[in-house]
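This structure is in structure tokens; I'll ask about it shortly.
Worth saying up front: this structure is predicted, and the values here are computed from it rather than measured.
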2 protein chains.
Amino acid sequence: MKKYSRQRETVLEVLQSVKTHPTASWIYDRARLEIPNISLGTVYRNLSELRKFGYIISFKTDDGNEHFDATTDKHYHFCCTECGKVIDLILEGTEELDSKAQKILDCEVNNHQLLFYGRCKLCMNSAKLKPNN
Amino acid sequence: MKKYSRQRETVLEVLQSVKTHPTASWIYDRARLEIPNISLGTVYRNLSELRKFGYIISFKTDDGNEHFDATTDKHYHFCCTECGKVIDLILEGTEELDSKAQKILDCEVNNHQLLFYGRCKLCMNSAKLKPNN
DNA sequence: TTTAATAATAGTAATCATTACTATTATTAT
DNA sequence: ATAATAATAGTAATGATTACTATTATTAAA
């Protein structure tokens with residue numbers, strides 16, 4: 001990140017403009033509306049750079065997809081196992097998880113990743129509407 | 001899993017014989033010592049089946065690798081960011097994480113994945129031995 | 001113990017996300 | 001303007017996983 005590029009700015013803007021947690025290819029499709037010939041490799045490279053410099057974070061869900069997030073405040077995520085939707089979640093008092101683990105393991109524990117799974121409200125409601133269930 | 005196969009038994013035995021958390025290709029290499037012409041696809045298929053039926057679990061670390069584990073008791077993992085080693089970790093009183101999240105999200109939260117990152121004891125010690133550090 | 005039905009396999013090809021490569025273009029400092 | 005070089009587009013390569021298919025192995029029944 002030694003020189004400005006419109007491509008990088010666009011990638012960051014796309015991600016900042018949504019509350020969802022899109023994948024690289026979703027961001028690519030969206031960025032193409034702005035820069036039609038932007039290449040997928042450029043999107044990947046810039047997502048990596050932006051993450052390296054702390055502008056964005058990313059995490060992988062069990063379905064294998066990497067999700068990106070321009071909200072860098074400490075928070076967790078919930079992933080619906082039915083529709084795949086990811087929702088932000090702020091939990092208090094979780095720093096002690098690291099210190100607890102560190103004490104038990106006698107290792108240097110720096111951080112943790114915590115991901116919840118279940119059914120989102122929408123999927124719960126649509127389940128109720130289905131016959132024979 | 002309607003019929004027995006030596007390949008499936010071998011895959012499970014390989015995994016049960018180690019305390020580490022190997023990847024599919026590591027298990028493949030190990031299984032080939034027993035069945036030289038076992039195919040990688042067979043290893044993948046059987047790992048999926050064994051997981052589906054609850055004999056093993058699996059989880060992905062940030063480096064992108066899927067790790068398998070024949071210990072199905074509820075426990076967590078620590079992953080060393082330097083050497084990639086994965087260590088088991090039992091934490092008490094973490095069921096309330098799900099209920100906490102459920103209350104906040106108003107969703108059905110069924111389970112969570114918690115993965116710690118840091119430096120293992122071996123990597124901490126070898127860091128001390130390096131000059132200019 | 002044959003036999004018939006079919007589950008599981010080996011070997012290979014296909015897929016998908018991501019990364020690497022390279023000639024060209026864009027940015028920046030002078 | 002110019003020179004140095006970072007970043008790009010387009011494409012090829014990679015690596016993990018899955019799909020496909022003809023063959024083999026297991027199982028239940030005759």
* When the ring planes of A:F59 and A:H21 are compared, do they come out parallel, tilted or perpendicular, using 30° and 60° as the limits? ->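 Ring orientation of A:F59 relative to A:H21: perpendicular.
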
* Asked: Toward the 5' end of DNA chain D, which comes first, B:E66 or B:K2, by nearest nucleotide?
  ->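 Per heavy-atom nearest nucleotide, the more 5' residue is B:E66.
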
* In whole Å, what is the span from the CG atom of A:D63 to the P atom of C:dA17? ->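 It is 11 Å, rounded to the nearest whole Å.
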
* To the nearest 0.5 Å, what is the distance between NE2 (A:H77) and CD (A:Q113)? -> 10.0 Å

* Keeping to residues at least two apart or across chains, list the salt bridge (charged side-chain N to carboxylate O under 4.0 Å, His left out) pairs with something in residues 57-80 of chain B. =>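 Found B:R51-B:E66.
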
* To do: Decide yes or no for B:N46 and B:Q7: does some side-chain heavy atom of the first lie under 4.5 Å from some side-chain heavy atom of the second?
  => yes

Name the atoms and distances for all side-chain donor-acceptor pairs under 3.5 Å in residues 78-87 of chain B, with sequence neighbours left out.
from	atom 1	to	atom 2	distance (Å)
B:T81	OG1	B:G118	O	3.2

* 5' precedence on DNA chain D between A:L40 and B:K3 (nearest-nucleotide basis) ->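 The answer here is A:L40.
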
* Output the residues of residues 4-13 of chain B in contact with DNA chain C, where contact means a heavy atom of the residue under 4.0 Å from an atom of the strand; sort by number or write none. =>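 Correct list: B:S5, B:Q7, B:R8.
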
* May I ask you to say what B:N65 touches in the nucleic acid, namely base, sugar-phosphate or nothing, with a heavy-atom cut-off under 4.0 Å? =>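 Since no nucleic acid heavy atom lies under 4.0 Å of B:N65, the category is nothing.
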
* **Beyond-backbone contact of A:F68 with A:I56, side-chain heavy atoms, under 4.5 angstrom** =>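 Result yes, sub-4.5 Å side-chain heavy-atom pair found.
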
* Check: A:K52 and A:L50 side chains under 4.5 Å, non-hydrogen atoms -> no

* Any side-chain heavy-atom pair from B:Y28 and B:I38 closer than 4.5 angstrom? ->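 In short, these two side chains touch, coming nearer than 4.5 Å.
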
* Asked: So, do A:D98 and A:H112 sit near enough that their side-chain heavy atoms are less than 4.5 Å apart?
  ->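 Side chain of A:D98 against side chain of A:H112, heavy atoms only: contact under 4.5 Å found.
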
* Indicate, with yes or no, if B:Y4 and B:Y55 share a hydrophobic cluster defined by side-chain heavy-atom contacts under 4.5 Å among Ile, Leu, Val, Met, Phe, Trp and Tyr. =>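 No, B:Y55 does not connect to B:Y4 through the hydrophobic network.
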
* In residues 14-39 of chain B, which residues come under 4.0 Å of DNA chain C by heavy atom? -> B:N37, B:I38, B:S39

* Once you apply the 3.5 Å cut-off to both distances, tell me the Watson-Crick or G-U wobble partner of D:dA22, or none. => C:dT9

Restricting to nitrogen or oxygen on both sides, can you table the protein-nucleotides 19-22 of chain D pairs closer than 3.5 Å?
none

* Structure fact -> note: B:Y44, atom OH; C:dT12, atom P; distance rounded to Å ~ 18 Å

List, one per line, each side-chain donor-acceptor pair under 3.5 Å for residues 10-20 of chain A, sequence neighbours excluded.
from	atom 1	to	atom 2	distance (Å)
A:T10	OG1	A:R6	O	2.8
A:S17	OG	A:V14	O	2.7

